[in-house]
Amino acid sequence: NDAIVTRNKVRETLRLFQAVCRKLLQEEEAKPERATHRRIDLQASKILKEKGKCVNVGKQIFGSVPGVEVGDDFMYRVELNIVGLHRQIQGGIDYVKQDGKILATSIVSSGGYDDDTDNSDVLIYTGSGGNMMNGDKEPEDQKLERGNLALKNSMDAKNPVRVIRGDSKSTDSVDARGRTYIYDGLYLVEKCWQEIGSHGKLVFKFKLVRILGQPELAGKVVRKSKKFKVREGVCVDDISQGREKIPICAVNTIDDEKPPPFKYTTHMIYPHWCRRLPPKGCDCINGCSESRKCPCLEKNGGIPYNHNGAIVEAKPLVYECGPSCKCPPSCYNRVSQHGIKFQLEIFKTGSRGWGVRSLNSIPSGSFICEYAGELLEEKEAEQRTGNDEYLFDIGNQFNDNFLWDGLTTLMPEAQSGADVEVQNSGFTIDAAQCGNVGRFINHSCSPNLYAQTVIYDHDDKRIPHIMFFAAENIPPLQELAYHYNYMIDQVFDSNGNIKKKNCYCGSPECTGRMY
Ligand code: SAM
């Protein structure tokens with residue numbers, strides 16, 4: 001099916017772009033403080049362009065762009081360009097000539113102008129020009145030319161315009177980039193007029209109204225719940241009962257079921273016989289760095305995280321600094337051990353029980369949460385066949401390189417040292433009785449999370465922590481899911497009979513069976 005292929009192509013391109021960005025950022029961050037810094041986003045888009053990895057590159061498109069969905073989240077503006085949503089790198093209004101007339105294809109409402117309203121169905125947009133954004137030049141009247149003319153022509157022609165909203169004021173992004181762009185869907189220009197702007201000169205104003213029948217925007221729901229400080233359908237205020245730094249509520253708008261009881265633990269629970277020796281640790285009193293030859297970083301073949309906490313790439317095993325290290329808690333090589341950073345909630349789904357989502361926009365590579373529970377030896381886990389819904393087999397992660405595919409071909413010089421693979425180590429985590437929010441994360445055939453093995457508080461490679469990271473930019477309220485990596489017809493009940501379970505992940509690529 002063409003639509004699935006195109007959607008995947010767009011996701012792949014964005015994942016690749018984000019991975020290249022993280023790689024370039026890692027290089028920048030390794031430079032001495034006063035070195036000149038490159039714009040990594042522009043650099044990354046150049047690499048993708050050179051290798052022919054951009055999508056929708058042909059003739060400019062009016063209306064929906066294949067493979068891009070309403071609500072899609074972008075962290076850098078240039079991402080809009082590489083998927084063909086908005087080609088202008090800086091200009092707010094994109095347009096193209098058709099039958100001798102210019103028509104608008106898309107606008108980016110960046111909040112750089114002061115007139116954006118909060119109502120997500122109506123947008124009052126200020127035209128471009130007049131040196132409004134350029135304090136060095138004399139302000140002048142805006143002219144009915146270029147973007148402004150294109151928007152006016154689109155009004156006359158009743159031609160739909162794509163709207164991308166830049167959310168700079170949002171605290172939703174816990175990232176230095178501080179801004180997210182959300183594709184808001186198609187709008188019609190309803191009105192156009194001139195008025196005196198704040199700089200005393202004439203500006204053009206456009207009233208755009210969102211075309212009906214498009215998916216509702218998550219941002220609207222999130223804003224509403226922030227404004228009124230309640231989430232609709234909340235049935236438990238904090239399933240962690242204060243154990244997490246950020247409360248995790250349970251939301252049910254489907255029926256009146258509450259989440260079934262279990263003991264919330266933020267940490268792994270190890271059996272008595274399990275003696276975990278703390279690793280030796282580093283002596284980096286002034287912080288870890290590669291130039292100072294930190295042994296922890298060397299085990300990783302370099303620093304595995306960007307300074308904003310994003311994981312640079314998937315690894316067989318990540319070594320974070322631990323309790324015997326002399327570096328401070330703010331060390332860049334301590335990320336997943338600090339716990340949850342996003343506002344997560346569990347919600348009742350129609351067909352998959354409870355699931356997990358976030359009220360924040362999550363940038364690709366961000367740490368989400370651990371899969372906490374009781375550590376078991378596999379033979380013990382096998383005896384729990386009646387209650388096997390919350391087992392995670394260590395070493396059985398689905399990585400398949402889907403996250404970083406193509407990165408090494410794009411940037412062959414960027415390969416970092418690999419470590420021994422943690423393979424089926426004979427250990428399982430059971431979160432049936434004791435667990436954290438990770439136990440509620442469902443399976444998807446087209447996942448947006450991946451499981452990374454991490455060690456920091458002990459040296460035993462057979463029993464690493466299982467840590468979930470975002471494999472792409474995830475918009476608010478989109479369900480978080482990873483690939484369970486079960487093998488079809490390889491799951492058995494206590495009598496040795498093959499067990500089967502249907503998958504209801506709902507992704508267009510769903511194979512229909514979980515196992
Ligand atoms: N939904 C679970 C709950 O309500 O507690 C949380 C996930 S739990 C680790 C795994 C179980 O969730 C599975 O055994 C299955 O019952 C359900 N599940 C997860 N992903 C699913 C999917 N894609 N389709 C159907 N059921 C799913």
Side-chain angles (χ1 to χ4, degrees), residues 4 233-236 238-240 248-266 268-269 340 344-358 368-376 381-382 384-394 396-398 400 402 427-451 465-468 471 474 477-494 497-515:
I4 300 177
V234 170
C235 56
V236 178
D238 182 9
I239 58 161
S240 88
I248 300 170
C249 70
V251 171
N252 188 349
T253 51
I254 290 192
D255 51 34
D256 45 35
E257 193 195 307
K258 286 193 174 180
F262 69 101
K263 190 171 174 311
Y264 200 99
T265 170
T266 51
M268 284 295 298
I269 299 164
I340 293 168
L344 303 178
E345 64 179 25
I346 67 166
F347 70 105
K348 182 80 189 286
T349 69
S351 49
R352 306 175 295 283
W354 297 83
V356 181
R357 62 191 179 190
S358 170
I368 308 292
C369 69
E370 177 162 5
Y371 193 94
E374 285 176 83
L375 184 80
L376 303 178
E382 272 159 23
R384 302 198 175 183
T385 42
N387 197 359
D388 56 2
E389 293 218 3
Y390 298 93
L391 300 178
F392 192 111
D393 288 337
I394 297 176
N396 184 35
Q397 298 81 256
F398 169 87
D400 216 27
F402 86 99
F427 292 92
T428 297
I429 302 167
D430 187 2
Q433 271 119 49
C434 303
N436 69 344
V437 61
R439 77 195 283 282
F440 290 106
I441 305 178
N442 285 320
H443 159 87
S444 171
C445 299
S446 177
N448 51 15
L449 303 186
Y450 89 100
H465 294 269
I466 298 296
M467 303 291 195
F468 294 113
I474 308 173
L477 301 187
Q478 187 179 91
E479 180 167 2
L480 307 178
Y482 62 98
H483 197 293
Y484 283 8
N485 208 24
Y486 284 119
M487 292 219 285
I488 302 292
D489 294 339
Q490 295 294 314
V491 178
F492 303 96
D493 66 13
S494 48
N497 300 318
I498 293 176
K499 285 217 299 189
K500 294 184 180 182
K501 189 158 202 142
N502 289 339
C503 178
Y504 300 110
C505 75
S507 95
E509 286 169 284
C510 181
T511 58
R513 290 261 304 268
M514 245 167 79
Y515 51 78

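Whatever order the structure lists ligands and atoms in, that order sets their numbers, starting from 1. Because the structure is predicted, anything quoted here is derived from the model rather than measured.
Atom CG of Asp256 has 12 or fewer neighbouring heavy atoms from other residues, nucleotides or ligands inside a 6.0 Å radius.
For the salt bridge (Lys or Arg N to Asp or Glu O under 4.0 Å) test, residues two or more places apart in sequence or in another chain that qualify with Lys501 are Glu389. Legend: residues meeting salt bridge (Lys or Arg N to Asp or Glu O under 4.0 Å) with Asp489, ordered by chain and number and at least two apart, are Arg513. Every residue was checked against the salt bridge (Lys or Arg N to Asp or Glu O under 4.0 Å) condition with Glu370, not counting sequence neighbours, and none meets it.
The aromatic rings of Tyr486 and Tyr484 lie perpendicular to each other, with more than 60° between the two planes, well past the 30° mark.
The shortest non-hydrogen separation linking Leu480 to Leu344 is CD1-CD2, 4.0 Å.
Near ligand 1, residues Arg352, Gly353, Trp354, Glu389, Tyr390, Arg439, Phe440, Ile441, Asn442, His443, Tyr484, Lys501, Asn502, Cys503, Tyr504, Cys505, Met514 each place a heavy atom inside the 4.0 Å sphere around the ligand atoms.
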